[in-house]
Protein chains: 2
Amino acid sequence: MSTIHSFTEENYLKAIYHLSTGNNSVVSTNQIAEITNTKAASVTDMLKKLAEKKLINYIKYQGVTLTEAGKNAAVNIVRKHRLWEVFLVEKLGFKWDEVHDIAEELEHINSESLINRLDDFLGNPAADPHGDPIPDRSGTIHQKKLVRISDMQQDQNGTISGVSEHSSVFLKLLEKMGLTLGTKIRVSELIEFDGSIILIVNDHADRTISREVAKNILVML
Amino acid sequence: MSTIHSFTEENYLKAIYHLSTGNNSVVSTNQIAEITNTKAASVTDMLKKLAEKKLINYIKYQGVTLTEAGKNAAVNIVRKHRLWEVFLVEKLGFKWDEVHDIAEELEHINSESLINRLDDFLGNPAADPHGDPIPDRSGTIHQKKLVRISDMQQDQNGTISGVSEHSSVFLKLLEKMGLTLGTKIRVSELIEFDGSIILIVNDHADRTISREVAKNILVML
DNA sequence: TATTTTTTTTAGATTAATCTAAAAAATAAA
DNA sequence: TTTATTTTTTAGATTAATCTAAAAAAAATA
């Protein structure tokens with residue numbers, strides 16, 4: 001089934017995967033260097049190796065895309081990462097801002113039966129503690145349609161269902177403001193001056209959030 | 001607290017720890033090479049490195065012992081390994097002969113809070129699925145006094161509480177014979193011819209086991 | 001005790017992943 | 001369309017962990 005790749009190769013595949021979501025499917029050497037905390041020269045070496053193994057399509061000076069095999073490998077790592085995050089939060093009681101680094105290690109454990117049993121044990125969750133969808137065992141991702149609060153209209157309602165920023169400071173802030181997953185919100189007012197937004201939270205409390213915060217909270221309408 | 005060591009260093013420390021139990025506290029280069037699946041030359045290199053880090057006491061040509069720091073590190077790895085084994089069996093439903101290799105990977109995950117939470121989640125188990133004691137968070141090991149079936153007298157009773165052989169073939173054999181942990185046995189007869197032993201299992205079924213098997217089943221009297 | 005065998009160490013290479021500094025290619029600006 | 005800037009690649013080193021083959025030390029045997 002899935003071939004075994006080194007810890008390092010897996011991290012590069014994951015980096016390329018995360019960088020190639022959305023608009024840009026072609027990823028540059030420098031982008032990869034940045035999120036893997038390495039230098040461009042090191043990335044070039046690894047790209048050659050991954051291309052050799054047919055995990056990426058790589059043309060010198062022109063960036064890379066994942067092949068089917070590479071994408072499968074990457075999705076599998078993401079699946080593992082997110083399932084472990086659910087485990088850490090749901091079963092061990094970690095907070096949502098504490099689990100990333102540990103899951104970063106756990107995602108490299110290699111055992112298909114382990115991860116499928118874990119999946120069942122957790123009740124086959126659809127999303128991780130940050131609302132990111134968990135790929136199923138075939139690699140399919142069922143992503144719900146979410147919109148940023150910053151893109152909502154006045155008086156529109158929704159349920160907080162994800163975040164697009166995973167830093168601990170940001171997550172702690174949301175926690176403190178009571179803006180965690182599942183919270184129902186209503187856009188009460190759009191402040192013209194600086195783009196900040198006043199929300200009605202759970203039908204009573206109101207909270208003002210900056211445009212920057214609003215851009216990183218994802219809502220299901 | 002506990003300094004971080006490389007994956008490889010951890011495996012050497014664990015190997016030395018396991019080899020230095022019982023009578024021999026001094027461990028030889030060749031012994032280490034054997035259980036780490038490396039060559040003696042590689043071991044020598046690593047021993048220098050571990051001695052440099054004050055994790056072992058090493059005198060050329062004279063074998064090694066663990067320092068306090070080294071022993072602490074090793075015990076911690078053993079603690080992690082055994083807790084993960086409990087998790088795999090108790091929570092994910094793996095069989096006792098399936099968990100070793102996975103735990104071998106999981107034991108290198110570095111997070112004290114993770115392992116302490118896991119410990120609590122599992123109900124602070126005293127032993128792993130093979131009956132081996134789990135060191136507590138201070139590193140103390142509460143080992144119950146166990147005897148091998150091969151050392152029991154005729155008509156003596158006991159409860160199977162551990163094994164000293166962890167191979168899958170052996171564990172599957174015990175499973176098939178109903179000689180799993182917690183099973184009550186009585187030594188019914190000692191066969192002089194080949195040292196094999198007839199057991200009364202749970203007061204009714206009787207099972208004949210070879211001396212080799214009897215040596216590897218540990219019983220609490 | 002002298003010799004043989006075994007064990008351990010050293011010497012010198014190899015592989016994976018990384019780096020810095022310099023060269024080459026692509027992109028942006030004048 | 002040259003020139004300047006940025007990005008990417010190559011060249012050459014470094015570190016960790018490993019290896020084989022040879023040398024040195026220790027242990028076993030005659």
Side-chain angles (χ1 to χ4, degrees), chain A residues 3-17 19-20 23-66 70 73-74 77 104-105 107-108 110, chain B residues 3-17 19-20 23-66 70 73-74 77 104-105 107-108 110:
Chain A
T3 326
I4 294 120
H5 310 108
S6 78
F7 190 97
T8 312
E9 287 169 349
E10 289 193 345
N11 281 336
Y12 276 91
L13 289 172
K14 192 181 51 156
I16 297 167
Y17 176 80
L19 288 168
S20 49
N23 27 21
N24 286 45
S25 90
V26 178
V27 176
S28 76
T29 302
N30 266 354
Q31 285 179 295
I32 298 168
E34 180 160 3
I35 70 167
T36 55
N37 283 305
T38 57
K39 297 300 159 74
S42 311
V43 174
T44 301
D45 283 347
M46 182 54 80
L47 293 184
K48 287 178 187 167
K49 194 175 168 190
L50 294 174
E52 189 67 40
K53 291 190 169 192
K54 305 227 186 288
L55 294 166
I56 59 171
N57 305 114
Y58 169 54
I59 306 169
K60 263 194 202 176
Y61 295 102
Q62 297 190 194
V64 294
T65 57
L66 291 171
I77 299 162
E104 206 82 342
E105 291 195 54
E107 73 190 5
H108 298 288
N110 258 316
Chain B
T3 328
I4 294 122
H5 311 109
S6 77
F7 190 96
T8 312
E9 286 168 350
E10 289 192 345
N11 281 337
Y12 276 91
L13 290 172
K14 191 181 53 158
I16 297 166
Y17 176 80
L19 288 168
S20 50
N23 28 21
N24 287 45
S25 90
V26 178
V27 176
S28 77
T29 302
N30 265 355
Q31 286 178 295
I32 298 168
E34 181 162 1
I35 69 167
T36 55
N37 284 306
T38 57
K39 296 301 159 73
S42 311
V43 174
T44 300
D45 283 346
M46 184 53 80
L47 294 184
K48 287 179 187 166
K49 193 174 169 189
L50 294 174
E52 190 67 39
K53 291 191 169 190
K54 306 229 188 283
L55 294 166
I56 59 171
N57 305 113
Y58 169 54
I59 307 168
K60 263 193 200 176
Y61 294 103
Q62 296 189 195
V64 294
T65 57
L66 291 170
I77 299 162
E104 205 81 343
E105 292 194 54
E107 73 190 5
H108 298 289
N110 260 316

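Per chain, numbering begins at 1; letters A, B, ... match sequence-line order.
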Solution key, residues 37-44 of chain B side-chain donor-acceptor pairs under 3.5 Å, sequence neighbours excluded:
{"from": "B:Thr38", "atom 1": "OG1", "to": "B:Thr36", "atom 2": "OG1", "distance (Å)": "2.9"}
{"from": "B:Thr44", "atom 1": "OG1", "to": "B:Ala40", "atom 2": "O", "distance (Å)": "3.2"}

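In terms of the side chain to side chain donor-acceptor pair (under 3.5 Å) criterion, residue partners of B:Gln31 (sequence neighbours excluded) are, by chain and number, B:Ser28. Evaluation of the ring pair (Phe, Tyr, Trp, His ring centres under 6.0 Å) rule for A:Phe7 yields A:His108 as partners, not counting sequence neighbours. Residues satisfying the side chain to side chain donor-acceptor pair (under 3.5 Å) test with A:Asn30, not counting sequence neighbours, are none.
For the pair A:Ala74 and A:Leu66, the tightest heavy-atom approach, listed with the atom from each and the gap, is CB-CD1, 4.3 Å.
The side chain of B:Tyr58 places an N or O atom within less than 4.0 Å of a non-bridging phosphate oxygen (OP1 or OP2) of C:dT9. Distances shown here put a side-chain N or O of A:Thr29 below 4.0 Å from the OP1 or OP2 atom of D:dT9. For A:Asn30, a side-chain nitrogen or oxygen approaches OP1 or OP2 of D:dT8 to under 4.0 Å. At C:dT8, one or more side-chain N or O atoms of B:Ser28 fall inside 4.0 Å of OP1 or OP2 (strictly under the cut-off).
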_Sugar-phosphate or base contact per nucleotide [nucleotides 19-28 of chain D; S, B, -; heavy atom under 4.0 Å]_ = BBB--BSS--

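The separation between A:Glu9 atom CD and C:dT15 atom C1' is 13 Å, rounded to whole Å. Whole-Å rounding puts the B:Glu34 CD to C:dT7 P distance at 11 Å. Note: CD (B:Gln31) to P (C:dT7) measures 11 Å, nearest angstrom. Rounded to whole Å, the distance from CD1 on A:Ile59 to C1' on D:dT7 is 17 Å.
Across all strands, B:Phe7 comes closer than 4.0 Å to no nucleic acid atom at all (heavy-atom distances).
Annotation: side chain of A:Glu10 is in contact with side chain of A:Asn110 (closest heavy-atom distance under 4.5 Å). A:Asn11 places a side-chain heavy atom less than 4.5 Å from the side chain of A:Glu107.
Screening B:Ile59, B:Ile16, B:Asn57 for a side chain to side chain contact (heavy atoms under 4.5 Å, CB included) with B:Thr65, the sole residue that qualifies is B:Asn57. Among B:Ile32, B:Leu19, B:Leu55, the single residue meeting the side chain to side chain contact (heavy atoms under 4.5 Å, CB included) criterion with B:Val64 is B:Ile32.
Distance from the side chain of A:Thr8 is smallest for C:dT18 among the nucleotides D:dT10, C:dT18, D:dT7.
For DNA chain D, runs of at least 3 consecutive pairs of the Watson-Crick or G-U wobble type, with both hydrogen-bonding distances under 3.5 angstrom, map to C:1-30 with D:1-30.
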